[in-house]
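Accompanying notes for the structure given below.
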There are 2 protein chains.
Amino acid sequence: MSEENEWSEYAARLIADAGLRRSTPRQRVIELLAEQSCAITALQIDAALDGVGRATVYRAIEQLEELGLVHKVDLGGSAFGYEKLEPSGHHHHHIVCDDCGKVEPFEDEALEDAIHDIHRKGFKLETHEVTLHGHCADCS
Amino acid sequence: MSEENEWSEYAARLIADAGLRRSTPRQRVIELLAEQSCAITALQIDAALDGVGRATVYRAIEQLEELGLVHKVDLGGSAFGYEKLEPSGHHHHHIVCDDCGKVEPFEDEALEDAIHDIHRKGFKLETHEVTLHGHCADCS
DNA sequence: ATAGTAATGAGAATGAATCTCATTATACGA
DNA sequence: TCGTATAATGAGATTCATTCTCATTACTAT
Ligand SMILES: [Mn+2]
Ligand SMILES: [Mn+2]
Ligand SMILES: [Zn+2]
Ligand SMILES: [Zn+2]
């Protein structure tokens, strides 16, 4: 099974388990998110889905976030980005060019290890976000 | 010399080197940021400084950011936070409770080492931001 | 099929951040 | 010290991502 379908179906399952209905608009938001390999904004989703209202897009994102299916990321622009969170836990982080706004995903095993070693009493840690800032080759 | 004064004077020097004037409103923004040990929002700064306009607060923050004196952080609320960046490079990151919004700073040497070992060709890395999300004791 | 209610979407409202522009303050040379 | 150039300011308007409202629609279970 492709990774997109895997996530879509996992999402459908959690949605059902949460007692939510299987509605077409929310389903389309899920499918669009499933196709993306990196972050996309709420307004991009809204624009891509004719017939799906803005409010529905934001509501769907909020629910997916609460179910741990989607992750909100600040990529330096004027809007937040959202990307699916694989059930395996496998994920990437981002490098942002502070001059032109270009975003590149990256993965780093040592970084993940260091993060997983962090414990703070009084806090149950769930997710994390790492963003590196700098200047890309074109802007240097 | 206290760390606040150290940063204030460092900021004053960079402001001067950049050819900017030593204006009272901008100076007051700098001093307020110097007093904080963690992030504060632009509107909190504006509210704390009577006689200093909102536009001036945002402009000052933008300039300080460009000079590498201030760091913008997304702490999950409706507005961004800003905190001073010590000339020594010494800094902390944040743990956020996704339920109540509580923010706690933390430092981790191994994490910093892992981040400094990250290199990406075509990118000159400057700063980084790490945010851990979870649930605090009160909300668990 | 029907009832019960979750979900939707158009549009209004909110609010952080940005922009405008007339006025003021600062730096610097005379 | 004075005058000039212009950086900087602040009130208010504006933008625009996000949230809210509420009448209507569409799931789902019976
Ligand atoms: Mn749409
Ligand atoms: Mn103010
Ligand atoms: Zn990670
Ligand atoms: Zn760090």
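By convention in this document, chain letters (A, B, ...) are assigned in the order of the sequence lines, proteins followed by strands, and residues within each chain are numbered from 1. Quick note: numbers below take in every heavy atom, side chains included, and nothing from hydrogens, waters or symmetry partners.
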Table of protein N/O atoms under 3.5 Å from nucleotides 18-21 of chain D N/O atoms:
| unit_1 | atom_1 | unit_2 | atom_2 | d |
| --- | --- | --- | --- | --- |
| dT18(D) | OP1 | F80(A) | N | 3.3 |
| dT18(D) | OP2 | Y58(A) | OH | 2.6 |
| dT18(D) | O5' | Y58(A) | OH | 3.4 |

Relative to each other, are the rings of H128(A) and H93(A) parallel, tilted or perpendicular (30° and 60° limits)?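 If you compare the ring of H128(A) with that of H93(A), the planes turn out tilted.
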Set of side-chain hydrogen bond (donor to acceptor under 3.5 Å, both in side chains) partners for E109(A), sequence neighbours left out: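 With neighbours one apart ignored, the set is empty.
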Donor-acceptor under 3.5 Å (K124(B) side chain, H135(A) main chain):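 Judged by distance alone, no pair lies under 3.5 Å.
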Any donor-acceptor N/O pair, R28(A) side chain to D50(A) backbone, under 3.5 Å: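 Yes; at least one donor-acceptor contact below 3.5 Å.
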What is the distance from [atom1] of [X] to [atom2] of [N], rounded to the nearest Å?
{"X": "D74(B)", "N": "dA17(C)", "atom1": "CG", "atom2": "C1'", "answer": "15 Å"}
{"X": "Q27(A)", "N": "dC27(D)", "atom1": "CD", "atom2": "P", "answer": "11 Å"}
{"X": "Q44(B)", "N": "dA16(C)", "atom1": "CD", "atom2": "P", "answer": "11 Å"}
{"X": "I15(A)", "N": "dT28(D)", "atom1": "CD1", "atom2": "C1'", "answer": "16 Å"}
{"X": "E62(A)", "N": "dT8(C)", "atom1": "CD", "atom2": "C1'", "answer": "15 Å"}
{"X": "I61(A)", "N": "dA17(D)", "atom1": "CD1", "atom2": "P", "answer": "13 Å"}
{"X": "I30(A)", "N": "dT8(C)", "atom1": "CD1", "atom2": "P", "answer": "10 Å"}
{"X": "R26(A)", "N": "dA26(D)", "atom1": "CZ", "atom2": "C1'", "answer": "12 Å"}

Through direct or indirect side-chain contacts below 4.5 angstrom among Ile, Leu, Val, Met, Phe, Trp and Tyr, which residues connect to [X]?
{"X": "F106(B)", "result": "I95(A), F106(A), L111(A), I115(A), I118(A), F123(A), L125(A), V130(A), L132(A), I95(B), L111(B), I115(B), I118(B), F123(B), L125(B), V130(B), L132(B)"}
{"X": "L43(B)", "result": "Y58(B)"}
{"X": "L85(B)", "result": "none"}

Please determine whether a side-chain nitrogen or oxygen atom of T24(B) lies at a distance below 4.0 Å from atom OP1 or OP2 of dA8(D).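 No.
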List, with names and distances, any nitrogen or oxygen atoms from the protein found under 3.5 Å away from nitrogen or oxygen atoms belonging to nucleotides 27-30 of chain C.
| unit_1 | atom_1 | unit_2 | atom_2 | d |
| --- | --- | --- | --- | --- |
| dA27(C) | OP1 | R22(B) | N | 3.2 |

Mind checking whether E65(A) and Y82(A) have side chains closer than 4.5 Å, heavy atoms only?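 In contact.
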Hey, does L69(B) have a side-chain heavy atom less than 4.5 Å from the side chain of L33(B)?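 No - every pair of side-chain heavy atoms lies 4.5 Å or more apart.
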Using a heavy-atom cut-off of 4.0 Å across all strands, would you classify G19(A) as base, sugar-phosphate, or nothing?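 Nothing, no nucleic acid heavy atom in range.
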